[in-house]
Amino acid sequence: MDVIKQSWKYWKKIWPRMLIIVVAAVLMILITLLTPQISQLIIDKVIYPALGQPLEQQNDSILDFLVAGFSPDNYVGICIMLLSCLGGMLLLQYVIHYFRWNFAHASNRLIANDIRHDAFLKYLNCSPKVLHSYSSGDMMNILSNDIDNVMDLYQHRFIMLFNAVGQTLGSIVIMLITDVRMAIAPLALSVISLFLSVRYNRALRKCYADIREGNVDLNSCIQENINGVRVIRSFATEDDEMRKFEKKNQRFRDNYINLTKVAAKYNMYFRLIGYAMSVASMIVGIILAVDGEISPGQFTTFTTYTGTLNGHMISIATEIGNIQNCMVAGRRLFAFLNAPDGFDHSKESLDMPARPNYKFNATVMNFDNSAPALDHVDIDISYGKKIGIMGKTGCGKSVIMRLINRFYDCSGGSITVDGHDISEYKLEDVRRATSFVSQDVFLFSETVARNIAFYDEGTDMDKIEKFAALARVNKFIPRLSDGYETVVGERGLGLSGGQKQRVSIARALYKEAPVLLLDDCTSALDYQTEKEIIDNISKNYGDKTLIIASNRATSVSFCDEILYMEDGVIIERGTHEELMARKGKYWMIYNEQMVNKQEEVA
């Protein structure tokens with residue numbers, strides 16, 4: 001019921017359409033229920049009398065009024081009337097079915113797009129802390145399959161269940177109205193079916209939950225192997241990865257086999273009940289017909305209703321299973337949509353200043369229960385200042401970058417912008433104020449030009465070429481088959497690591513944000529190319545804030561302030577000259593790297 005409640009906020013937007021679909025479904029049920037009544041009239045009013053066997057029993061068809069104006073011996077007129085009505089009803093049934101099917105699909109597609117929009121927007125706005133609790137396979141399921149399953153719930157499952165239940169109840173009501181004795185067996189067996197349906201529902205819920213979990217694990221395994229195929233090949237671990245895949249694949253298969261066993265067992269029960277219902281009704285009908293208490297047409301109608309009851313019972317059982325699958329998907333989808341995004345938006349009201357001044361005030365950042373990633377860090381970043389950050393891997397360099405971008409909210413202390421807490425500014429404005437180049441370079445399956453102009457919907461080639469030159473992209477562009485229009489593969493496949501880093505730097509420069517964040521993004525470049533890019537940035541980015549995190553001292557030596565970090569703490573800070581005079585960690589690393597650089601040049 002939670003899924004229905006949660007999804008109603010989307011479907012209530014099109015409730016008039018849903019009402020039309022329900023009305024169409026009711027008309028379909030009525031036509032299906034009334035069709036056997038015409039067959040009954042044809043048998044009792046035309047065939048038997050025309051063969052010289054007039055009936056002594058009174059015909060109690062619901063549609064008697066159709067032939068009330070005809071003379072009893074006007075068989076041709078009665079037959080034409082009844083066949084015309086039958087043809088009209090079948091034609092109307094087809095038209096309604098065609099309309100309902102297309103109308104339902106078009107209506108539900110509108111809602112599916114709204115849900116997919118909200119789910120994707122939630123994904124984009126979620127803190128990495130929140131997203132870390134989901135695997136890549138899980139997110140793919142939520143953003144695609146789960147949404148389709150929730151849409152299927154309204155598009156097919158509820159309508160088909162409504163149709164099956166409506167026809168079952170309608171058939172039993174008509175049988176009760178005509179002769180209670182004929183309806184005793186179907187009613188008694190329907191109670192048993194209801195009891196089995198409850199048990200079937202519980203069993204399927206667990207089966208579909210297991211299947212979904214196995215599907216997530218399998219998709220995650222496949223996606224990780226696709227992304228890491230080069231690493232797998234380089235370490236020759238194909239056999240190990242195949243064994244892992246087979247284990248997850250077999251688990252997925254076993255879950256489906258278990259579902260098949262459960263479905264087969266309960267479908268057998270429902271079929272047996274349906275057959276018992278048909279046989280019992282037929283025996284009662286034969287006895288009543290032999291005793292002359294019902295007409296041949298009524299007997300035929302009763303057997304038709306009891307025969308369809310069997311099919312409807314199986315349909316109800318099948319749709320219960322399908323609905324459980326949709327419900328499992330829906331619970332996961334709405335759990336994601338309703339989960340906090342990891343940010344406190346309650347104080348967001350200010351617009352980001354054009355020349356922001358950042359300040360870290362005893363800032364602390366914790367992830368889970370591990371040691372602090374940042375431990376009481378103080379940094380004053382006035383607008384236009386150049387900050388260099390050095391330290392071993394895991395010292396907290398990237399965390400500072402992400403806090404400025406507000407990928408996370410700090411655990412303690414504060415980060416202010418022009419005296420106001422960063423959480424008081426609109427999140428979108430905070431991120432628009434920065435150009436961020438991550439150490440994990442990502443390029444889209446687009447042209448080089450479109451990757452550079454990612455921030456701009458248009459393609460200004462003069463601007464692209466300007467910033468490509470600053471990032472030294474222009475040095476390798478002539479070697480590409482189509483220059484700037486060369487399409488790079490997924491994640492930049494086809495470009496070297498250094499080339500991808502240069503494109504990502506050009507992309508950040510193209511944005512022309514007031515704050516540029518370079519997070520160890522020149523690690524794959526040679527010293528000369530790195531020096532050229534850093535010199536270009538320092539010359540052309542002079543009036544803006546620049547923060548560089550790097551393991552190379554030469555990349556940060558020109559900065560106004562250099563921070564050296566260990567275990568989330570700043571242990572050295574100052575200008576290049578001040579740190580060299582102190583002869584601490586920075587001095588030692590700088591001298592070692594200069595020796596290595598001279599050897600490399602030699």
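Computed from heavy atoms alone, side chains included, the values below leave out hydrogens, waters and symmetry copies.
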Review item, side-chain donor-acceptor pairs of residues 141-152, under 3.5 Å, at least two apart:
{"residue": "Asn141", "atom": "OD1", "partner": "Asn145", "partner atom": "ND2", "Å": "2.7"}
{"residue": "Asn141", "atom": "OD1", "partner": "Asn215", "partner atom": "ND2", "Å": "3.3"}
{"residue": "Ser144", "atom": "OG", "partner": "Met140", "partner atom": "O", "Å": "2.4"}
{"residue": "Asp146", "atom": "OD1", "partner": "Arg212", "partner atom": "NE", "Å": "3.3"}
{"residue": "Asp146", "atom": "OD2", "partner": "Arg212", "partner atom": "NE", "Å": "3.3"}
{"residue": "Asp146", "atom": "OD2", "partner": "Arg212", "partner atom": "NH2", "Å": "2.4"}
{"residue": "Asp148", "atom": "OD1", "partner": "Arg116", "partner atom": "NH2", "Å": "2.9"}
{"residue": "Asn149", "atom": "ND2", "partner": "Asn145", "partner atom": "O", "Å": "3.3"}
{"residue": "Asp152", "atom": "OD1", "partner": "His156", "partner atom": "ND1", "Å": "2.6"}
{"residue": "Asp152", "atom": "OD2", "partner": "Arg157", "partner atom": "NE", "Å": "2.9"}
{"residue": "Asp152", "atom": "OD2", "partner": "Arg157", "partner atom": "NH2", "Å": "3.4"}

[X] side chain vs [Y] backbone, donor-acceptor pair below 3.5 Å:
X: Asn338; Y: Phe334; answer: yes
X: Thr304; Y: Pro36; answer: no
X: Asn258; Y: Asp254; answer: no
X: Asp44; Y: Gly297; answer: yes
X: Tyr305; Y: Leu33; answer: yes

I'd like to know whether [atom1] of [X] has more than 12 heavy-atom contacts from other residues, nucleotides or ligands below 6.0 angstrom.
X: Met89; atom1: CE; result: yes
X: Arg199; atom1: CZ; result: no
X: Tyr123; atom1: OH; result: no
X: Arg17; atom1: CZ; result: yes
X: Glu428; atom1: CD; result: no
X: Phe195; atom1: CZ; result: no

Can you tell me how far [atom2] of [Y] sits from [atom1] of [X], rounded to the nearest 0.5 angstrom?
X: Ile286; Y: Phe302; atom1: CD1; atom2: CZ; result: 13.5 Å
X: Leu63; Y: Leu41; atom1: CG; atom2: CG; result: 6.0 Å
X: Leu82; Y: Lys45; atom1: CG; atom2: NZ; result: 9.5 Å
X: Met81; Y: Ile42; atom1: CE; atom2: CD1; result: 12.0 Å
X: Leu66; Y: Ile78; atom1: CG; atom2: CD1; result: 11.0 Å
X: Lys122; Y: Leu333; atom1: NZ; atom2: CG; result: 10.5 Å

Is there side-chain contact between [X] and [Y], with heavy atoms separated by less than 4.5 Å?
X: Tyr200; Y: Val262; value: yes
X: Ile43; Y: Phe299; value: no
X: Ile273; Y: Leu196; value: yes
X: Phe252; Y: Ile211; value: yes
X: Leu90; Y: Gln93; value: yes
X: Arg432; Y: Tyr455; value: yes
X: Phe270; Y: Ile316; value: no
X: Ile80; Y: Val76; value: yes

Aromatic ring pairing Tyr98/Tyr94, orientation class (parallel under 30°, perpendicular over 60°, tilted between):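 Taking Tyr94 first and then Tyr98, their aromatic rings lie parallel (interplane angle under 30°).
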Using 30° and 60° as the class limits, which term best fits the ring planes of Phe444 and Phe454: parallel, tilted or perpendicular?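 Judged by the thresholds at 30° and 60°, the geometry between Phe444 and Phe454 is parallel.
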Verdict with reasoning, Lys244 to Glu241, per salt bridge (charged side-chain N to carboxylate O under 4.0 Å, His left out): CA-CA 5 Å; Lys244 292 178 186 177; Glu241 292 302 317; 3.4 Å; yes
Test of ring centre spacing under 6.0 Å for Phe158 and Tyr154: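 When the ring centroids of Phe158 and Tyr154 are compared, they turn out to be within the sub-6.0 Å range.
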Quick check: closest heavy atoms across [X] and [Y], and the distance to 0.1 Å?
X: Lys426; Y: Ser349; value: CE-O, 4.0 Å
X: Gln37; Y: Ile174; value: NE2-CG2, 3.6 Å
X: Tyr10; Y: Ile111; value: O-CD1, 3.2 Å
X: Leu153; Y: Ile323; value: CD1-CG2, 3.9 Å
X: Glu348; Y: Ser423; value: CG-O, 3.3 Å
X: Met365; Y: Tyr408; value: CE-CB, 3.8 Å

Report the C-alpha distance between Leu110 and Lys13 in whole Å, list the side-chain angles of each, state the deciding distance to 0.1 Å, and finish with yes or no for side-chain contact (heavy atoms from CB on, under 4.5 Å). CA-CA 10 Å; Leu110 296 175; Lys13 300 175 186 177; over 6 Å; no
Derivation of the side-chain contact (heavy atoms from CB on, under 4.5 Å) call for Leu204 and Leu259: CA-CA 7 Å; Leu204 286 175; Leu259 171 66; 3.4 Å; yes
Would you please test Ile159 and Arg100 for side-chain contact (heavy atoms from CB on, under 4.5 Å) and show each step? CA-CA 10 Å; Ile159 292 175; Arg100 185 191 71 178; 3.6 Å; yes
Given side-chain contact (heavy atoms from CB on, under 4.5 Å), test Met327 with Tyr208 step by step and report yes or no. CA-CA 9 Å; Met327 289 292 188; Tyr208 281 117; over 6 Å; no
Check against side chain to side chain donor-acceptor pair (under 3.5 Å), Ser438 and Asp440: CA-CA 5 Å; Ser438 170; Asp440 182 19; 5.6 Å; no
Partners passing side-chain contact (heavy atoms from CB on, under 4.5 Å) against Arg431 (at least two apart in sequence or in another chain):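 Counting only residues at least two positions away or on another chain, Arg431 forms a side-chain contact (heavy atoms from CB on, under 4.5 Å) with Phe343, Asn405, Phe407, Leu427.
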Determine, step by step, whether Tyr266 and Tyr269 satisfy the ring pair (Phe, Tyr, Trp, His ring centres under 6.0 Å) criterion, reporting the C-alpha distance in whole Å, the side-chain angles of both residues, the deciding distance to 0.1 Å, and the verdict. CA-CA 5 Å; Tyr266 279 94; Tyr269 293 154; 5.7 Å; yes
